[in-house]
Undergrad: 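A single structure is presented below for examination.
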Protein chains: 2
Amino acid sequence: MSDVANTRPTLAAVARRAGVSASTASLVFSGAGPVADATRARVLEAAAELDYAGPDPTARSLRRGRTGVIGLVTEDSLGDAFRDPVNLALLDGLGEELSDDAYGLLVLPWTGEPGGVDLGDVPMDAAILLGCSVDLARSVEILQRRRIPIVAIEAPPLPGVVPIDLDNAEATARGAGLLRELGHERVALVTLPLDLARERGPLTPEREAAATAYTAIERIRGARSMFPDAVGVSAGGSTVAEGHAAGLALLDVPAADRPTAVIAQSDLLAAGVIRAAEELGIDVPGELSVLGFDGIRLDGITPHVLTTLVQPSVEKGRLAGRAVRAALADGAAPGSAVTAELRRGETAAAPRAAGR
Amino acid sequence: MSDVANTRPTLAAVARRAGVSASTASLVFSGAGPVADATRARVLEAAAELDYAGPDPTARSLRRGRTGVIGLVTEDSLGDAFRDPVNLALLDGLGEELSDDAYGLLVLPWTGEPGGVDLGDVPMDAAILLGCSVDLARSVEILQRRRIPIVAIEAPPLPGVVPIDLDNAEATARGAGLLRELGHERVALVTLPLDLARERGPLTPEREAAATAYTAIERIRGARSMFPDAVGVSAGGSTVAEGHAAGLALLDVPAADRPTAVIAQSDLLAAGVIRAAEELGIDVPGELSVLGFDGIRLDGITPHVLTTLVQPSVEKGRLAGRAVRAALADGAAPGSAVTAELRRGETAAAPRAAGR
DNA sequence: AAACGGGGTCGAATCGATTCGATCGAATCG
DNA sequence: CGATTCGATCGAATCGATTCGACCCCGTTT
């Protein structure tokens with residue numbers, strides 16, 4: 001009652017007060033091991049008297065070698081990472097799997113270099129890399145030295161990293177194939193940001209070569225497998241506004257130079273392109289076909305059912321969650337791959353169907 | 001090279017190999033204290049040889065008493081918490097403040113009881129409560145026992161908890177006042193979920209009395225200060241779809257029974273109500289005025305500029321971040337309050353303006 | 001009645017670092 | 001040239017718990 005007043009009580013203090021050893025007190029709180037009812041009651045009473053809040057999580061983590069925390073590394077700012085509906089769906093799946101084991105999700109925006117979080121300094125049991133580019137390799141190394149299991153969602157293959165893959169290139173190729181079948185020849189691309197700089201602007205061979213964002217690169221590759229010479233514009237993010245700007249850049253030109261189809265790398269970008277077309281008086285799909293990617297719900301954002309590649313976002317989250325759990329339990333880690341399916345919506349048709 | 005092969009190397013091992021004491025090796029990595037260049041080099045070399053990844057964050061946390069983690073407690077599922085644009089904006093503000101000190105944000109969905117995360121078991125330096133209801137009081141107690149500073153955003157006042165408040169009741173009253181001035185008398189409410197159950201349905205005195213969601217309660221109170229007898233419907237979430245459903249419930253009735261204005265507790269709900277009105281052939285604002293709350297961007301979700309109460313969401317995040325930093329630095333914690341401002345948009349007008 | 005078994009408790013080692021105070025040699029000062 | 005100071009390093013204590021093996025006592029089994 002004298003020196004314990006100010007400082008936080010410890011398990012040892014509780015044990016002393018209850019007249020038992022620290023080991024026994026520990027057993028009371030952890031639930032493991034047999035403890036006589038009378039003893040348990042005495043310890044709990046002592047704890048209540050001292051206002052003890054239970055074992056310190058940090059100390060427990062050290063001893064047990066587990067923190068109960070899983071890091072989610074993103075390359076976006078905190079807010080932007082979750083502004084993408086695909087990531088939200090992924091979070092749903094992830095939450096489903098992780099909540100069972102009461103894991104907490106530690107969101108770590110990885111900005112590149114300056115003063116940001118050093119992945120090596122963060123206490124966590126495993127890491128999930130979300131939409132991370134090639135630059136991350138160094139951080140991956142640190143985590144691996146620390147023997148932390150890593151699950152990467154749509155990342156370039158790295159040794160020791162469990163991949164959750166999406167057939168970005170192949171799926172895009174399938175979508176592009178549809179456009180080709182319909183008879184399109186002048187096709188333009190609207191891509192996701194190419195790198196951490198997120199600079200928007202026309203796609204040049206140099207910029208493409210310097211790109212680091214894996215998903216964007218793969219989808220470009222898929223599109224180019226059908227339309228090798230397609231022109232394009234890179235957006236500064238996956239938003240309707242960015243798609244709108246990109247759309248204007250591509251479509252606000254003499255009709256002869258205008259593409260007859262746009263391959264957008266996300267549904268939000270596609271919606272923006274469609275909006276731009278509407279503003280310019282270009283009929284979709286009559287004069288312009290638009291292909292999206294993701295298959296998110298576009299409630300009221302566009303009146304059309306988008307022609308797009310529907311990816312199983314929630315499932316990706318579940319798979320990532322399961323992979324983490326498996327890695328933590330067995331040490332073994334099942335990688336996996338999912339597939340996006342082409343949905344023929346209402347925004348793709350044969351070129352010049354309007355009969356000009 | 002023999003027994004060190006399998007297990008993770010420790011600072012002690014590195015020190016031994018470099019021929020220095022553990023204390024000196026620690027100084028090398030922490031940067032504190034003077035170390036001779038030659039010694040430093042030797043230690044780093046030893047570390048490299050052993051593939052040492054730097055001091056273990058868990059051990060460091062225990063010794064230092066700091067984890068570098070801040071808990072963000074929400075009552076939604078992982079995904080749903082971030083589906084609300086207001087929360088995203090808040091995250092932006094929070095990230096701004098927290099990234100400087102390289103704090104990680106640990107997202108903790110608090111589901112109530114079953115097997116979810118126990119807030120007492122999570123290693124964190126401070127906690128931010130986001131949109132949390134009265135039920136949380138017990139968890140708050142645990143955190144306080146653990147001497148963890150708590151910042152609560154829009155929560156009922158609790159002793160020892162730093163509040164970041166919004167004038168929900170007063171702002172709503174101002175908005176309702178506008179409707180009254182315009183001449184409305186039959187006004188209906190569309191509220192946010194009343195509790196963790198999120199049951200949708202008509203507002204009854206019993207349900208209102210049993211409500212636990214602070215923000216919803218306050219906004220109802222504000223509305224009732226102008227329209228004591230307003231009928232209402234509670235939604236199951238802050239989404240356009242929920243607003244749409246609520247709108248249909250309120251508006252799909254004989255015109256004589258229909259309210260002339262709806263006070264929605266969020267912009268998304270308001271957008272849903274407007275959509276429902278459109279479907280029913282009810283003109284907004286001619287036959288129905290709609291008031292929102294939040295002031296988010298509703299890009300293309302509705303053609304109108306919403307009449308709404310614009311709250312400074314990003315600022316709330318910043319304030320919360322600053323409060324956390326202050327609490328961690330000084331122990332002192334500045335609470336604060338922000339105000340929502342009425343924006344007269346295009347969705348409120350005098351009743352029956354269409355001249356029936 | 002001796003041996004056995006097991007529930008209940010305790011001591012001591014351990015998890016991996018940080019940090020305070022002490023030590024020691026060398027450089028600086030008067 | 002002796003005294004003081006400063007830089008570099010080390011030992012030992014500490015952070016707060018968990019856990020393994022040992023131990024004791026008492027009820028069973030044969």
Side-chain angles (χ1 to χ4, degrees), chain A residues 3-4 7-43 46-47 50-68 120-125 145-148, chain B residues 3-4 7-43 46-47 50-68 120-125 145-148:
Chain A
D3 52 34
V4 210
T7 180
R8 210 160 3 96
T10 70
L11 182 61
V14 172
R16 207 177 314 129
R17 179 168 190 116
V20 300
S21 74
S23 1
T24 302
S26 174
L27 293 181
V28 169
F29 287 104
S30 70
V35 178
D37 287 346
T39 312
R40 180 195 318 283
R42 206 139 32 86
V43 170
L50 291 177
D51 204 32
Y52 179 67
D56 180 289
T58 311
R60 181 200 291 254
S61 297
L62 174 59
R63 184 65 242 252
R64 294 230 240 240
R66 286 269 172 115
T67 63
D121 283 350
V122 181
M124 54 183 166
D125 295 342
R145 273 212 200 98
R146 187 156 272 133
R147 308 270 203 281
I148 290 183
Chain B
D3 52 31
V4 210
T7 180
R8 207 159 7 93
T10 70
L11 182 61
V14 172
R16 207 177 314 130
R17 179 167 190 119
V20 301
S21 74
S23 3
T24 303
S26 173
L27 292 181
V28 170
F29 287 104
S30 72
V35 178
D37 287 345
T39 312
R40 181 194 318 284
R42 205 139 32 85
V43 170
L50 290 178
D51 203 33
Y52 179 68
D56 180 288
T58 311
R60 184 202 290 257
S61 297
L62 174 59
R63 185 65 242 247
R64 293 231 241 239
R66 286 271 172 117
T67 63
D121 283 350
V122 181
M124 54 184 168
D125 295 342
R145 273 213 199 97
R146 188 157 270 133
R147 307 270 202 284
I148 290 183

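Letters A, B, ... mirror the listed sequences (proteins, then strands); counts begin at 1.
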Undergrad: Among the candidates D/dC10, C/dT9, C/dA17, find the nucleotide nearest to the side-chain atoms of B/T10.
TA: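 When the side chain of B/T10 is considered, C/dA17 is the closest of D/dC10, C/dT9, C/dA17.
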Undergrad: Would you mind reporting whether A/P57 and B/V122 have side-chain heavy atoms less than 4.5 Å apart?
TA: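 They are not in side-chain contact.
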Undergrad: Could a donor-acceptor pair under 3.5 angstrom be found where the side chain of B/S23 meets the base of D/dG11?
TA: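 Yes.
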Undergrad: Let me spell it out: for each of B/A25 and A/D56, pick the nucleotide of DNA chain D with the closest heavy atom. Which residue's pick is nearer the 5' end?
TA: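 Closer to the 5' end of DNA chain D: B/A25.
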Undergrad: Students often get this wrong, so: under 4.0 angstrom with heavy atoms, is A/T39 touching a base, only sugar-phosphate, or nothing?
TA: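 The residue A/T39 makes sugar-phosphate contact but no base contact.
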Undergrad: Given that both distances must come in under 3.5 Å, which nucleotide forms a Watson-Crick or G-U wobble pair with D/dG11?
TA: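 Partner of D/dG11: C/dC20.
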Undergrad: Over how many whole Å does the gap from A/L27 atom CG to C/dC10 atom C1' extend?
TA: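 In whole Å, C/dC10 C1' and A/L27 CG are 10 Å from each other.
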Undergrad: Side-chain N or O of B/R60 versus OP1/OP2 of C/dT18: is the shortest distance under 4.0 Å?
TA: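 So the side-chain polar atoms of B/R60 do come within 4.0 Å of the phosphate oxygens OP1 or OP2 of C/dT18, strictly under.
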Undergrad: Measure the distance from CZ on A/R8 to C1' on D/dT14 and round it to the nearest whole Å.
TA: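 After rounding, the gap between these two atoms is 14 Å.
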Undergrad: Less than 3.5 Å apart, which donor and acceptor atoms pair up between the side chains of residues 32-43 of chain A and the rest of the protein, not counting sequence neighbours?
TA:
from, atom 1, to, atom 2, distance (Å)
A/R40, NH2, A/V35, O, 3.4
A/R42, NH1, A/A18, O, 2.7

Undergrad: For A/R66, does its backbone N or O pair with a side-chain atom of A/D125 as donor and acceptor, under 3.5 Å?
TA: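 No; judged by distance alone, with no hydrogens or angles, the pair does not exist.
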Undergrad: Distance check needed: D/dG16 C1' versus A/R16 CZ, whole Å only.
TA: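 Atom-to-atom, A/R16 to D/dG16, this comes out as 12 Å.
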Undergrad: With no angle test and no hydrogens, is the base of D/dT18 tied to the side chain of A/R64 by a donor-acceptor pair under 3.5 Å?
TA: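 No pair found.
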Undergrad: Look at the side chain of B/R146 and the backbone N and O of A/G54, then say whether any donor-acceptor pair between them is shorter than 3.5 Å.
TA: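 Between the backbone of A/G54 and the side chain of B/R146 there is a qualifying donor-acceptor contact (under 3.5 Å).
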Undergrad: Base, sugar-phosphate, or nothing for A/P55, non-hydrogen atoms under 4.0 angstrom?
TA: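 Sugar-phosphate contact only - A/P55 comes under 4.0 Å of backbone atoms but never of a base.
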Undergrad: Output the rounded distance in Å from CZ (A/R66) to P (D/dG16).
TA: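 About 24 Å, once rounded to whole Å.
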Undergrad: Just call it for B/S26: base, sugar-phosphate, or nothing, with non-hydrogen atoms closer than 4.0 Å on any strand.
TA: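 If one applies the 4.0 Å heavy-atom cut-off, B/S26 turns out to touch a base.
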Undergrad: Expressed in angstrom and rounded to an integer, what is the separation of A/R63 atom CZ from C/dA12 atom P?
TA: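 The answer, rounded to whole Å, is 16 Å.
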Undergrad: Identify which nucleotide among C/dG11, C/dA17, D/dG16 has an atom closest to any side-chain atom of A/S21, counting heavy atoms from C-beta outward.
TA: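 For the A/S21 side chain, the nearest candidate turns out to be C/dG11.
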Undergrad: Using whole Å, report how far CG of B/L50 lies from C1' of C/dG16.
TA: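 Checked: the CG to C1' distance equals 15 Å.
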Undergrad: Want to settle it: does B/A36 or A/L62 sit nearer the 5' end of DNA chain D, counting the closest nucleotide to each?
TA: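 The residue mapped nearer the 5' terminus is B/A36.
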Undergrad: Take atom CZ of B/F29 and atom C1' of D/dT9, then tell me their distance rounded to the nearest Å.
TA: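 Result: 16 Å.
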Undergrad: Any side-chain N or O of B/Y52 less than 4.0 Å from the OP1 or OP2 oxygen of C/dG16?
TA: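 No, outside the criterion.
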Undergrad: Can you measure B/D121 atom CG to D/dT18 atom C1' for me and round it to whole angstrom units?
TA: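 For the pair B/D121 CG and D/dT18 C1', the rounded distance is 14 Å.
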Undergrad: Which pairs would a plain distance check flag for residues 22-29 of chain A, meaning a side-chain donor or acceptor within less than 3.5 Å of a matching protein atom at least two apart in sequence or in another chain?
TA:
from, atom 1, to, atom 2, distance (Å)
A/S23, OG, A/S21, OG, 3.1
A/T24, OG1, A/S21, OG, 3.3

